[in-house]
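What follows is one structure encoded as structure tokens, with my remarks underneath.
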Amino acid sequence: MVIGLAIWGMDNSEILKSILLKLQERANEAINTASQLQPLPIGAIDWGNLRCSQTSAVVTESGKWSCAVTLESAAPECAELHKAVKDWLAANGWPGVTVVTEW
């Protein structure tokens, strides 16, 4: 994916932005899937307004990198929602993404 984007003349910031926007789109798809689970993930979740409001990439000093998504409109302790979104992302090509929820 990154190689293909570089061929189209995108600079590094455009490539990173494209990746993070795609992750945001996929996180919103994961939320949609989680909203249809039976039973629903428990916790204080405003399903009508729940969305991925932020994505980020982190690089450690050892050179390892990872991504995170922030879901807005759910309490921080919604472990079942975290797991549902994380598992869906992993199953759809985004392994190891950290999921954070906030109001």
Side-chain angles (χ1 to χ4, degrees):
M1 181 169 147
V2 173
I3 293 170
L5 292 173
I7 291 171
W8 293 335
M10 300 177 86
D11 67 24
N12 289 341
S13 64
E14 290 173 320
I15 292 169
L16 181 57
K17 180 180 178 182
S18 176
I19 291 168
L20 293 175
L21 285 172
K22 186 61 170 178
L23 175 57
Q24 184 175 43
E25 179 183 305
R26 300 301 277 172
N28 282 321
E29 290 176 31
I31 290 167
N32 184 50
T33 299
S35 73
Q36 299 172 31
L37 293 174
Q38 293 299 323
L40 282 172
I42 60 170
I45 303 167
D46 179 357
W47 289 103
N49 291 311
L50 186 63
R51 70 187 187 290
C52 179
S53 61
Q54 180 176 310
T55 57
S56 59
V58 178
V59 179
T60 67
E61 62 186 29
S62 66
K64 294 182 180 182
W65 75 284
S66 65
C67 291
V69 296
T70 301
L71 310 182
E72 189 172 305
S73 296
E77 63 274 1
C78 289
E80 288 184 19
L81 177 61
H82 293 178
K83 182 176 181 345
V85 170
K86 183 179 180 82
D87 289 352
W88 189 95
L89 288 170
N92 287 277
W94 294 89
V97 174
T98 300
V99 178
V100 176
T101 50
E102 66 182 25
W103 289 112

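Only this structure's heavy atoms are used, side chains among them; waters, hydrogens and symmetry mates stay out. Numbers here are sequence positions counted from 1.
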Keeping the roles fixed (side chain from [X], backbone from [Y]), state whether a donor-acceptor pair exists under 3.5 Å.
| X | Y | value |
| --- | --- | --- |
| Glu102 | Thr70 | no |
| Thr55 | Leu20 | yes |
| Asn49 | Ser73 | no |
| Lys86 | Val97 | yes |
| Glu80 | Ile42 | yes |

request  = List in chain and number order the residues that pass salt bridge (charged side-chain N to carboxylate O under 4.0 Å, His left out) with Lys83, two or more places apart in sequence or in another chain; answer none if no residue qualifies.
outcome  = Asp87
query = Between Lys22 and Glu25, does a salt bridge (charged side-chain N to carboxylate O under 4.0 Å, His left out) hold up when you go through it step by step?
reply = CA-CA 5 Å; Lys22 186 61 170 178; Glu25 179 183 305; 3.0 Å; yes
query = Do Trp65 and Thr60 have side-chain heavy atoms sitting under 4.5 Å apart?
reply = no
Please report the shortest heavy-atom distance between [X] and [Y], naming the atom on each side.
| X | Y | value |
| --- | --- | --- |
| Gln24 | Gln54 | NE2-N, 4.1 Å |
| Val69 | Ala27 | CG1-CB, 4.0 Å |
| Leu16 | Ala57 | CD1-CB, 4.1 Å |

query = Under a single-linkage definition using a 4.5 Å side-chain heavy-atom cutoff for Ile, Leu, Val, Met, Phe, Trp and Tyr, are Leu40 and Leu81 assigned to the same hydrophobic cluster?
reply = yes
key: Transitive ILVMFWY side-chain link Trp47 to Val100, under 4.5 Å   = no
note = To the nearest 0.5 Å, atom OG of Ser53 lies from atom CG of Asn28 at 9.0 Å
inquiry  = Measuring from atom CG of Leu50 to atom OG1 of Thr101, what distance do you get when rounded to the nearest 0.5 angstrom?
reply    = 8.5 Å
message = Could you work out, with side-chain contact (heavy atoms from CB on, under 4.5 Å) as the rule, every residue matching Ala75, not counting sequence neighbours?
response = Ala44, Glu77, Cys78, Trp103
query = Can you list the other members of the hydrophobic cluster that holds Val58, where links are side-chain heavy atoms under 4.5 angstrom apart?
reply = none
request  = Would you please test Val85 and Thr33 for side chain to side chain contact (heavy atoms under 4.5 Å, CB included) and show each step?
outcome  = CA-CA 8 Å; Val85 170; Thr33 299; over 6 Å; no
ask   = Do the charged groups of Arg26 and Glu29 touch, with an N to O distance under 4.0 Å?
value = yes
